[in-house]
Amino acid sequence: MTPEFRQKAIAVCDDKIAKKGPGVGLSFYAFFKNRNDDPLLLMQVARWWIETHQLDHFEKAVRIRDMIRADR
């Protein structure tokens, strides 16, 4: 993932946590618009989420934010 996308993903997680609390879950689709305007980035994030970390479809935003911050 690019540094810019990492910042955006952390911001999305922070926003969801602020609005719905630390138990809120999200999928990697939360980081993208409904329109697929960057298929390469979408696939890169999908691989990180599904192949690399074998995460469930919905994961706690806190966990995802911490993983991205730790550069895992």
Side-chain angles (χ1 to χ4, degrees):
M1 287 184 268
T2 65
E4 295 83 14
F5 182 79
R6 286 180 182 279
Q7 289 177 340
K8 176 184 176 182
I10 289 168
V12 168
C13 289
D14 285 342
D15 182 58
K16 296 280 186 184
I17 294 164
K19 288 180 180 174
K20 300 200 177 207
V24 68
L26 51 79
S27 77
F28 68 89
Y29 291 113
F31 306 126
F32 297 93
K33 298 176 184 175
N34 286 339
R35 201 177 72 223
N36 186 4
D37 56 356
D38 192 344
L40 294 177
L41 182 59
L42 177 69
M43 289 306 298
Q44 198 177 62
V45 174
R47 280 190 201 98
W48 179 89
W49 191 286
I50 298 166
E51 291 178 1
T52 304
H53 297 289
Q54 299 178 351
L55 300 171
D56 290 335
H57 183 74
F58 283 94
E59 288 288 339
K60 302 286 184 203
V62 171
R63 179 178 183 200
I64 299 303
R65 180 191 62 194
D66 293 347
M67 290 174 73
I68 293 170
R69 282 183 178 159
D71 198 27
R72 296 188 353 200

Could you tell me whether the side chain of Leu41 reaches within less than 4.5 Å of the side chain of Gln44, counting heavy atoms only? yes
Are Val45 and Ile10 co-members of a hydrophobic cluster defined by side-chain heavy atoms under 4.5 Å apart? yes
Does any pair with a residue in residues 10-31 pass salt bridge (charged side-chain N to carboxylate O under 4.0 Å, His left out), and if so which ones, sequence neighbours excluded? Asp14-Arg65, Asp14-Arg69, Asp15-Lys19
With a 4.5 Å cut-off on side-chain heavy atoms, are Tyr29 and His57 touching? yes
What distance separates Ile68 CD1 from Lys8 NZ, expressed to the nearest 0.5 Å? 11.5 Å
Contact check, side chains of Leu55 and Trp48, non-hydrogen atoms, under 4.5 Å: yes
Joint hydrophobic cluster, Val12 plus Phe5, side-chain heavy atoms closer than 4.5 Å: yes
CD1 (Ile64) and CZ (Phe58) are apart, to the nearest 0.5 Å, by 12.0 Å
For the backbone of Pro22 and the side chain of Lys60, can you confirm whether one donor and one acceptor N or O come within less than 3.5 Å of each other? no
What pair of heavy atoms forms the shortest contact from Ala9 to Phe31, and how long is it? O-CE2, 3.5 Å
Kindly compute the distance separating CE (Met67) from SG (Cys13), expressed to the nearest 0.5 Å. 11.0 Å
Between Gln7 (side chain) and Glu4 (backbone), is there a donor-acceptor pair under 3.5 Å? no
Rounded to the nearest 0.5 angstrom, the CG-CD1 distance for Leu26 and Ile17 is 8.0 Å
Minimum-distance pair of heavy atoms, taken over all atoms of Trp49 and Asp56: NE1-O, 2.8 Å
Please determine whether side chain to side chain contact (heavy atoms under 4.5 Å, CB included) holds for the pair Leu42 and Phe28, giving the CA-CA distance in whole Å, both sets of side-chain angles, and the decisive distance to 0.1 Å. CA-CA 9 Å; Leu42 177 69; Phe28 68 89; 3.8 Å; yes
